[in-house]
Each structure stands twice: as structure tokens, then as C-alpha cells.
Asker: 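One structure is given below, represented as C-alpha cells, and several questions about it will come after.
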2 protein chains.
Amino acid sequence: MKTFTFEPTCRTGKGNGTVVTIKDVAREAGVSVATVSRALNGAASVTAQTRRHVAGVAARLRYVPHGAARSLVTRRTNTVGALLPDLFGEFFSELIRGIDLAARARGLQLLVSSSHGDAAEAAAALRAMQGRVDGLLIMSPHVDARFLKEHLASALPTVLMNSSVADKDYASLNVDNYGGAQAMTRHLLAQGYRDFAFITGPSDNFDAAERLKGFRESIVASARAFLLQGDFSEESGYRAGRQLAAMQQRPQAVFAANDMMAIGCLFALTEAGLRVPGDIALAGFDDIPIARYINPPLTTVRVRIADLGHGALEHLVARMETMDPPPQRHTLACEVVPRASTDDASDARLPASTPHRP
Amino acid sequence: MKTFTFEPTCRTGKGNGTVVTIKDVAREAGVSVATVSRALNGAASVTAQTRRHVAGVAARLRYVPHGAARSLVTRRTNTVGALLPDLFGEFFSELIRGIDLAARARGLQLLVSSSHGDAAEAAAALRAMQGRVDGLLIMSPHVDARFLKEHLASALPTVLMNSSVADKDYASLNVDNYGGAQAMTRHLLAQGYRDFAFITGPSDNFDAAERLKGFRESIVASARAFLLQGDFSEESGYRAGRQLAAMQQRPQAVFAANDMMAIGCLFALTEAGLRVPGDIALAGFDDIPIARYINPPLTTVRVRIADLGHGALEHLVARMETMDPPPQRHTLACEVVPRASTDDASDARLPASTPHRP
DNA sequence: GGCTCGAATGTAAACGTTTTCATGGAAATA
DNA sequence: TATTTCCATGAAAACGTTTACATTCGAGCC
């Protein structure tokens, strides 16, 4: 049995800026670099004793492996990149939260690049990430299939989040905007509302389009609906609310394509002396934290954003481990959160309100 | 003058998963790898013609340098790490926004590791980042000077954000919690309030302690104040509000150490039939987005969180470029945002309310 | 016209790991 | 005891860059 002696080479004072490498550990431990590498990486063919010894020396020397050197030979960076648009607020933080949580669980590092406003910036960010990550998560309104083919190395596993890209070469995970809008519409119908206004999002926005579509295609024949143009901003919701307040023949319920517009709309309505939901019901989409604090609390569609991030990363890991399965498109369900801004079913507005079947 | 011929080696079809290296570019361009490296990195001693030619070939081949290989020899990763606690909502997103913006401007990548709940997780995250980043931004209630000395390579430039660590070896950038609380207290005094309740944050929280201190040391002799224990949660604010509502001798104004508690408190007060600010004034700290949407909108202290991130990164870059200047401690000013939850000065509560000098 | 000089390029040695292959020696078998 | 087998370890070759040093070649100088 081999025993190790503590050589006096232990000049811990060497750390005047010099970085400790695997060679230092090897020399100090009296073994070869190969053994150190094996011991520290948990290779099978190394004695428990050597492993302990090496680990001890490494700890004492404060050795931490040089990531770049390792990546160079391993061809893995243990890092995934997240390319995000210029996001604000809760959505952004929840998304990163979800991604980070899943990444942590997988032992992956997370390289983020957010707040790029146009395609050129996105391209630059993409370029900078390439060769530094094992996989890529992309959410950006500025990228389409052509952009990706142009700027993305085909070998890099990628998952798109909330993307309009329907190309069969790319995997994606989308919030089920369509289903959510549909669920909300059915919910409102079930409560007896028949006369609707829908405040739309920006016309070039994919989420907005899906939500509108979900609403449109769920309206039953007996109901009526008209659209008000919005752009997801509180301001545009406010304008829509003023328009509504000015109408002599107001709809029974307003469905805004996102919560911020619903809040803006609510302000305009309240300002005009209208009561919500007494005079007019109001619903939003997103379930941002504010939604439950305003008066009345807002009925809305909850999007589990952290789950979006989490799911996207899991999907990405699956693709990283085996590129075999063709890229898939998944969606993430939403749920209606009924609050006081719409009446509950108890007081029906119609003589015979036939509840919609789920 | 040397001219380049397009050799027929241009089998673009090679990209069946194989990564293009600098050698491929060199061979294709008919020059050495050194020249390619120089041309692409903008070294002076390379002909404009060669540079163009090489750049063209590189672009055609979709060459993107292997980051790890470059880092290995350069000893720079062009990446900074951000170690963050388990953060929610706006604070988190704004912080990352600020950091990312500044990093982008500097051409740095951002490696984030958030949502670690205890010291052990923080240590693991720290370890994982070490050797992958050129500098580190740390915000964590779980790290103190001893922790850093233990787990952090001394050679790695670091800037702490909102940290209680006062060790002279570490640079930091803190929100001026003390100054903000002081400004708010003076503001309330200037409005004529003299009888206060202060809802504290968690006792082990640094921000909370500073805010309390700022309040305490700004109370003038003619005023009275008592404390209610809270923990930054809405729930604890609600409890404090119930206590206040139950008192027969209520204070004139409540200053909560953060907005969430103020909101909880507001609910309790409203529930008890008290009017804000008519019966009792209310102020918070943070200016979270909800603050302006509740009824009445909340007077609070605005913290420019994005600026915190931005400033911290700039500070870090300065330290990365030259480790010479000893680590410095900076603070970031806050501002009072007067809203309807406290009376404005027009209706004074005291016969002679002497406005406090700024 | 031989010499030096400098600019443009090539050669090769790092950088710190992992990993293949070789090697030694102990245990197991004959 | 001689041979085989296997297991722990060591030596050295990658990995893809950058960069110090060497080389070439043309121009300018005397």
C-alpha cells in the first residue's frame, strides 16, 4: 500500500496572483496530472485513498479547474445561452427564474443576453454566444426562420420560446395564447355575457394575434363582438376605455389582450363613472402581479411564465443529449383566474344563460 | 502584389456537423493560421487586401472562433458573472436589465446564477463560476466577508451589491437605504406629521436595518415613534395594519420599510374602515410598480434598481482593468415619490408645522 | 550593388485540461 | 514458481487559439 508523505512544497504563500493549475496539484500530491484529473472527476479506476489524498491537496491549494481548458478538450461548455428581447418586469424575471432553476438542476450555467431591440443586435448577440454555449434558448420578435438559418450554426441545439417561427427545423415551446383566449371567452360566455369588445395587441405581435384568434373563433353565433386597436400599453388601454365610455350602446364585457391594457381601460371606465363589473365587465391576459391588487381585482388568464422557461430548458437539454428526435413544437397551457372584475355566474344577465360546456 | 485565387476547395457541403476551425479558414484562404487570427482580430500588420480576403473566406465558411480556445490562451473570458439570491419580480428584472445593458456596452457576456437560497448553494454557484468569468457581481444575504475569503479566489475582481460586508478588501455599491429612509422621514415631518409608526423588515436583513436606522435618526425631538415588527411580506404588513386599526390612540402616519408591507397594511386599514390618508397616512419604500396602482397611490421611496446594476458593472469593469485602486464603497441615491397616500403639505395637521430644512 | 531595415507573413510554442494508450505490479490461476 | 489477468497509474497527444520569434522579400541607403 502506497502512503503519501506531506512534502514541504506546501508554500501556500505562492498565491500572489498566480493561478493554481492541475500541474500544481499533481506535483503537490506526488501523482501525475492524469490521476488528478481522474480523481477529481470521479473516474472509476482510482483508489479511494488516492482520491481522498488528491481531493485534499486540491482543496488545500484552492484549485479550481480552468473552464476554458476543459471546454476545449471536452467540447462541452456546460453552459446554455438565453437570447431575450428587451423585456420588462415580472415576465422577464419569472422567465429567467424558470430557466435558471432548471439549468441549476442540470448543472448548467446560464449565459443571458437580453434587451436587444432589433435584428442587428440580436445577430450580434447570437454571434457572441456561438461557440460559448452548448445550447440556445431564444425568445425574440426579431428572429424568423430565415434569420436563424443565416446566423445560427446548424449544429447548435436550439429551442425557441413564444416564437412565431413554424419552421420544421426548429423546436419551440409556446404559451398557449390561443387556448387561453379561448378559455377566457368561453368563461365569459358561460357567465352570460353576449356583447363583447376586444382590445387587441400590436398588429405585428405573434402573441397578440393568437389571442385575438382564440377570442374570435370562440365567439358563438348568438354573441356579438367588435375590436378596439391597442398595442399592449396601458396608454392604449386607457384610450380604448375612453372610447367605450363614450359609446351610447356599450358592450357588456371587455376582454383586453393583456393586463396592462385592461388596467388602463379600467382607469378610463372608472374615471367616466362606470362601475366594473356592474356596468361593464373587464378581463385581461397574463395575470401580472398588479392584477390582483387593483380595484376590482382583475379576472385574467394566468400564464405560468416560470414554467415556460423551465420547460424550454428541459426541452433544450433533451435536444442537446440527442439531436435525433426531430424538433418538436410544444405549447404550455394557461388557466382562467376569475376575480371580481367579472361577475361570477350567480347573477346572470340573460334570462336563460346556458353555461358553456368545458 | 500578391493576388488570391479561389481554390476549388470550397466544398461548403462539409458542414455536416463538423465545426469550422481557424485552420479551415487558413487553408481555404491560402494563408497561415496566424494571419487569419491577425486579420480577424484587427492586428495592424496585415494588408488591407489580405484582411478583406480572409474576412470574406471566414464569412463564407461561417467561421466563428472557439471561445474556450481563445480564452485559454488569452486568459480572458470576456464574461462577468452575477451571483444573485432568490429574487422575485421587478427588482430582479430591473437589476439584470441594468447589468446587461452596461455589459453589452462593454462587449461583455453575462453569466447569471440566481435563486440560490442558502450559503451552501451560493458557494457551489461561486465555485462553478470561478474560472469562467473575468469578474464577479455578487448580491446575496448569505455571503459575508469570511464566506468570501473562504470561497473566492482573491485574484478575481468582485463588486458586491447591496451587501452588508464592510470589509476593506471588497468593493461594493449599495442602495442608500439610510438616506432614502431619512429623506422620507423628513418629508413626512415637513408635511406636519409628528406621531409615527414604523413597520420594520426582517431583523437579520441589512437593507431593513439601514432603513430603520435612517428613520430613527431623523425623527426630531418633537415627534414620537414606535415600531411594529414585520418581515417584508405583505402578510406581515397586514398584521401590523390590524394592530394599528385596533389601537385607540393611533399614530398619524405609518412608514413601512417596504412597499409590500405598506400594501398589506393598507388593506388592513381599509378593511377596518379607516381612510388613508384622511385618518392615517401611509408610506412605503421601493416604488414597486404596484405602488402607483393601488388606491390611494402609495407615497414611497424610489430605488433606481437598473442604475444599481449598471453602476455595479461599471465599477467592476474599472476594477478589472486595473486592480490598483483599493476597493471602494459607493452608494446610490434614492428619491421620495409623493403620492396620495400621504397628504400634501397644503392641509397641515399642526397649528405651526415648521417645515424641515432639506 | 551590397547592405540594412522594416513590413508582411509563416512557424511553432504555449495555454490547462481530458483521454488514449502504454506500463508496471499485484493478485489470481496453473 | 511461472504465467496470465486486471487494475491503478503515468506519458503524451490532442483540443483551437494567440503570440513571440523567425523568415522572407522588397525598398531605400551609402
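A, B, ... follow the sequence lines: proteins, then strands. Residue 1 opens every chain.
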Asker: How many angstroms lie between CD in B:E150 and CG in B:L148, if you round to the nearest 0.5 Å?
Answerer: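 That separation rounds to 10.5 Å.
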Asker: Expressed as a whole number of angstroms, how long is the span from A:H53:NE2 to D:dA8:C1'?
Answerer: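 A:H53 atom NE2 is separated from D:dA8 atom C1' by 15 Å.
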Asker: Does a side-chain heavy-atom distance below 4.5 Å link B:L83 with B:M139?
Answerer: no
Asker: Under 4.0 Å between a side-chain nitrogen and a carboxylate oxygen: does that hold for A:D24 and A:R27?
Answerer: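 Yes, this pair counts.
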Asker: Run through B:L316, B:L160, B:L152 and flag the one making a side chain to side chain contact (heavy atoms under 4.5 Å, CB included) with B:L136.
Answerer: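 The single option meeting the side chain to side chain contact (heavy atoms under 4.5 Å, CB included) with B:L136 is B:L152.
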Asker: In whole angstroms, how far is the C1' atom of D:dA8 from the CZ atom of A:R51?
Answerer: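 In whole Å, D:dA8 C1' and A:R51 CZ are 12 Å from each other.
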Asker: Please find the pair of heavy atoms, one from B:D134 and one from B:R75, that lie closest to each other, and give the distance.
Answerer: OD1-O, 4.5 Å
Asker: Return the angle between end axes of the helix from C:dG1-D:dC30 to C:dA30-D:dT1, with five pairs used per end and rounding to 10°.
Answerer: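 For the helix from C:dG1-D:dC30 to C:dA30-D:dT1, the axes at either end differ by 50°.
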Asker: Going by atom types alone, do B:S114 and A:R97 pair a side-chain donor with an acceptor below 3.5 Å?
Answerer: no
Asker: Answer yes or no: are there more than 12 heavy-atom neighbours, outside B:K23 itself, under 6.0 Å from its atom NZ?
Answerer: no
Asker: Rounded to whole angstroms, how far apart are CZ on A:R52 and P on D:dA8?
Answerer: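 So the two atoms are 14 Å apart, to the nearest Å.
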Asker: Would you say C:dA8 has OP1 or OP2 under 4.0 Å from some side-chain N or O of B:T50?
Answerer: no
Asker: Strictly under 4.0 angstrom, non-hydrogen atoms only: write out the protein contact profile of nucleotides 14-20 of chain C, one letter per nucleotide from the 5' end, B, S or -.
Answerer: -BBBBBB
Asker: Please check if the side chain of A:D118 supplies one atom and the backbone of A:E121 the other of a donor-acceptor pair under 3.5 Å.
Answerer: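 Confirmed, A:D118 side chain pairs with A:E121 backbone.
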